[in-house]
There are 2 protein chains.
Amino acid sequence: MGKRKENSTNMLNESFIVESCDLTYAVCKVGGRWKLLILCKLENGKLRFSELRNQINGITERMLTLQLRELEKDGLVKRTVHAEVPPRVDYELTIIAKELIPIWAKLSQWGKKHKKIVVQQ
Amino acid sequence: MGKRKENSTNMLNESFIVESCDLTYAVCKVGGRWKLLILCKLENGKLRFSELRNQINGITERMLTLQLRELEKDGLVKRTVHAEVPPRVDYELTIIAKELIPIWAKLSQWGKKHKKIVVQQ
DNA sequence: CCCATTACTTACAAATTTGTTAGTACCATA
DNA sequence: TATGGTACTAACAAATTTGTAAGTAATGGG
């Protein structure tokens, strides 16, 4: 989110892992604090910046911008700027992001179940 | 991994998100740098500490210990200590972790495909 | 007694992510 | 001319994760 060092061990490890494990790669793409929440909000269609901000409790404009920029760079979200004043920008899922939706559903089910089990202890 | 502050905004945001979004909750459980790699290695059965260390390129004993401890606490991995000297400890997936395997397969497919598409650009 | 082996732990430092606060440009409207 | 709304950006600080280096306990074998 800030720039990363080019050759830190941290960075090299991540690169290596992500190269060699498609699963880790996939999870990293949605690994930011707010990313999945954003993507879920977009499941039902386009939303503009302010709509996302208002629907996501606690997110700052800075974090929303940062997370959206990464999602855009990674091809999960499409950003459209309308030439108006005041500005209007909206965001929507790309095709490849939509392919994740059924997987999210399963993961979400698992999460719900797991949460119950672990909390019991 | 170190202790977290009790009432940082950071912490409170995470708690809130994880409470309200089962999907984010699920992804957080495997969100550590090395966790998915560890879990993948365990897919085929038990491994001992040193086997994991040797199979995972670049991981330190400290990180392996930390990640295993969290996985154990979160009920994804079962740890068994054998009363021997030198010590022998092995790790295996729990039932609930095994339920994730088919989902991992899908996600991994998606990752592989996505990696190609994004790298092309 | 000394060494080797295994699975760790501890103290510290570096890197990275997240949050805080205060701006910016644009133009229509009052 | 002053104000307002929208979608940001910049500089900085705090929190968190990850990595480094050096230990530790227990016991069997030499």
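Naming convention: chains lettered A, B, ... in sequence-line order (proteins, then strands); numbering from 1 in each chain. Values below: all heavy atoms of this structure, side chains included; hydrogens, waters and symmetry mates excluded.
Side chain of B:Phe49, nearest nucleotide from C:dC8, D:dT20, D:dA7: C:dC8. Minimum atom distance to the side chain of A:Arg62 is reached by C:dT20, of the listed C:dC8, C:dA7, C:dT20. Here D:dA7 is the nucleotide among D:dA7, C:dA11, D:dT16 with the atom lying nearest to any side-chain atom of A:Arg79. Of the candidates D:dT20, C:dT18, D:dA7, D:dT20 carries the atom nearest the B:Thr60 side chain, counting heavy atoms from C-beta on. Out of D:dT18, D:dT16, C:dA15, the shortest distance to the side chain of B:Gln67 is found at D:dT18. Across D:dT18, C:dA7, D:dC8, the shortest atom-to-atom separation from the side chain of B:Arg48 is found for C:dA7. Proximity note for A:Lys5 (side chain, C-beta onward) versus D:dT17, C:dA15, C:dT20: the nearest is C:dA15.
Taking atom CZ of A:Arg53 as the reference point, atom C1' of D:dC8 lies 10 Å away to the nearest angstrom. Following rounding to the nearest Å, B:Leu64 (CG) and C:dC8 (P) show an atom-to-atom distance of 8 Å. For the pair B:Arg4 CZ and C:dT17 C1', the interatomic distance rounds to 11 Å; values are reported in whole Å. Following rounding to the nearest Å, A:Glu6 (CD) and C:dA15 (C1') show an atom-to-atom distance of 14 Å. As rounded to whole Å, 12 Å separates atom C1' of C:dA15 from atom CE of B:Met63. For A:Leu66 and C:dT17, the CG to P distance is 11 Å, given to the nearest whole Å. Between A:Arg88 atom CZ and D:dC8 atom P the separation is 13 Å, expressed in whole Å. At whole-Å resolution of the value, CZ in A:Arg33 and C1' in D:dA15 are 10 Å apart.
At a threshold of 4.5 Å between non-hydrogen side-chain atoms, the residues A:Leu52 and A:Leu68 count as touching. Using a 4.5 Å heavy-atom cutoff, the side chains of B:Asn13 and A:Asn57 are not in contact. Within the 4.5 Å cutoff, the side chain of B:Leu93 has heavy atoms near those of the B:Ile101 side chain. Looking at heavy atoms from C-beta onward, A:Lys35 lies in side-chain contact with A:Leu71 at the 4.5 angstrom threshold. With contacts defined as side-chain heavy-atom distances shorter than 4.5 Å, the pair B:Arg4/B:Glu14 qualifies.
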Determine, step by step, whether A:Tyr91 and A:Ile38 satisfy the side chain to side chain contact (heavy atoms under 4.5 Å, CB included) criterion, reporting the C-alpha distance in whole Å, the side-chain angles of both residues, the deciding distance to 0.1 Å, and the verdict.
CA-CA 10 Å; A:Tyr91 295 91; A:Ile38 293 170; over 6 Å; no
Using a 4.0 Å heavy-atom cut-off, write out nucleotides 22-29 of chain C from 5' to 3' as B (base contacted by protein), S (sugar-phosphate only) or - (no contact).
-----B--
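Looking only at distances, a side-chain donor or acceptor of B:Lys115 sits under 3.5 Å from a matching main-chain atom of A:Glu19.
A distance of 11.5 Å separates NZ in A:Lys106 from CD in B:Glu99, rounded to the nearest 0.5 Å. Expressed to the nearest 0.5 Å, how far CD1 of A:Ile17 lies from OG1 of A:Thr24 amounts to 6.5 Å.
Where A:Thr9 and A:Tyr91 meet DNA chain D, the nucleotide closest to each residue was compared, and A:Tyr91 sits on the side nearer the 5' end. Of the two residues contacting DNA chain C, namely A:Trp34 and B:Val81, the nearest-nucleotide position lying further toward the 5' end is that of B:Val81.
Heavy-atom distances under 4.0 Å link DNA chain C to A:Asn10, A:Met11 of residues 10-18 of chain A, given in residue order.
OP1 or OP2 of D:dT16 lies within a sub-4.0 Å distance of a side-chain N or O belonging to B:Ser8. Here B:Ser50 reaches the OP1 or OP2 of C:dA7: one of its side-chain N or O atoms lies under 4.0 Å away.
Side-chain atoms of A:Asp90 and A:His82 form a donor-acceptor pair, as typed in the model, at a separation below 3.5 Å.
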